[in-house]
*Asks:* 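Take this structure, written in structure tokens, and hold onto it; I'll ask about it next.
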Amino acid sequence: QVQLVESGGGLVQAGGSLRLSCVASGSTLRINAMGWYRQAPGKQRELVAALSRDGSTNYADSVKGRFTISRNAAWSRVYLQMNSLKPEDTAVYYCNVKNWVDEYWGQGTQVTVSS
């Protein structure tokens, strides 16, 4: 089992920045991918950014060049640096980690971008 706790959400004006953090605890040694998803009201949850042990990194087209995902060396923390935020980035952001058989979700952190 892996437990995830997110932090860093909040209210920011358009053009501003936020940094989300996610701390993983429990069986973290087998984590092979970490990422961030978001869900806006009335919309499906979507991938924002993800990275994996094979070195690959994926970003949603809508955030490329503005958001950066990173992690610590122990694969127990994942971050999302969000710059040049837009009102359409408003959503609940969820941390996600995967091992070879399971995936785990955080409780979500609200990000609201005002115009």
*Asks:* Would you kindly say whether Glu88 and Thr90 are connected by a side-chain donor-acceptor distance under 3.5 Å?
*Replies:*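 Absent: no donor and acceptor within the cut-off.
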
*Asks:* I need the Gln13 CD to Ser114 OG distance, nearest 0.5 Å.
*Replies:*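 It is 5.0 Å, given to the nearest 0.5 Å.
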
*Asks:* Are Trp105 and Leu47 co-members of a hydrophobic cluster defined by side-chain heavy atoms under 4.5 Å apart?
*Replies:*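 Linked within one cluster.
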
*Asks:* Say you draw a straight line from CG of Asn99 to CG of Leu29; how long is it, rounded to the nearest 0.5 Å?
*Replies:* 11.0 Å

*Asks:* Quick one: list whatever passes salt bridge (Lys or Arg N to Asp or Glu O under 4.0 Å) with Arg66, sequence neighbours left out.
*Replies:* Asp89

*Asks:* What's the shortest heavy-atom distance between Ser84 and Ser17, and which atoms?
*Replies:*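 For Ser84 versus Ser17, the nearest heavy atoms are N-OG, 4.4 Å.
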
*Asks:* Strictly distance-based, threshold 3.5 Å: is any side-chain N or O of Asn72 a donor or acceptor partner for the main-chain N or O of Arg77?
*Replies:* yes

*Asks:* Roughly how far apart are Thr57 OG1 and Arg71 CZ, rounded to 0.5 Å?
*Replies:*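 Going from OG1 on Thr57 over to CZ on Arg71, the span is 9.0 Å.
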
*Asks:* Once you round to the nearest 0.5 Å, how far does CD of Gln39 lie from CZ of Arg45?
*Replies:* 5.0 Å

*Asks:* Taking side chain as C-beta onward, heavy atoms only, is Glu6 less than 4.5 Å from Gln107?
*Replies:* yes

*Asks:* Would a distance-only check, ignoring hydrogens and angles, find a side-chain to backbone donor-acceptor pair under 3.5 Å from Thr109 to Gly9?
*Replies:*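 Checking the backbone N and O of Gly9 against the side chain of Thr109, a donor-acceptor pair under 3.5 Å is found.
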
*Asks:* Who else is in Leu20's hydrophobic cluster (ILVMFWY, side-chain heavy atoms under 4.5 Å, direct or via others)?
*Replies:* Val2, Leu4, Val12, Leu18, Ile31, Met34, Trp36, Val48, Leu51, Tyr59, Val63, Phe67, Ile69, Trp75, Val78, Leu80, Met82, Leu85, Tyr93, Val97, Tyr104, Val111, Val113

*Asks:* Who passes salt bridge (Lys or Arg N to Asp or Glu O under 4.0 Å) against Asp61, sequence neighbours left out?
*Replies:*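 Once residues adjacent in sequence are excluded, the partners of Asp61 under the salt bridge (Lys or Arg N to Asp or Glu O under 4.0 Å) criterion are Lys64.
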
*Asks:* Can a cation-pi geometry be assigned to Arg38 and Tyr94, taking NZ or CZ under 6.0 Å from the six-membered ring centre and within 45° of the ring axis?
*Replies:* no

*Asks:* Look up atom CD in Glu46 and atom OG in Ser62, then write down how far apart they are to the nearest 0.5 Å.
*Replies:* 5.5 Å

*Asks:* For the residue pair Arg19 and Tyr79, would you count it as a cation-pi contact if the rule is NZ or CZ under 6.0 angstrom from the ring centre and within 45 degrees of the ring axis?
*Replies:* yes

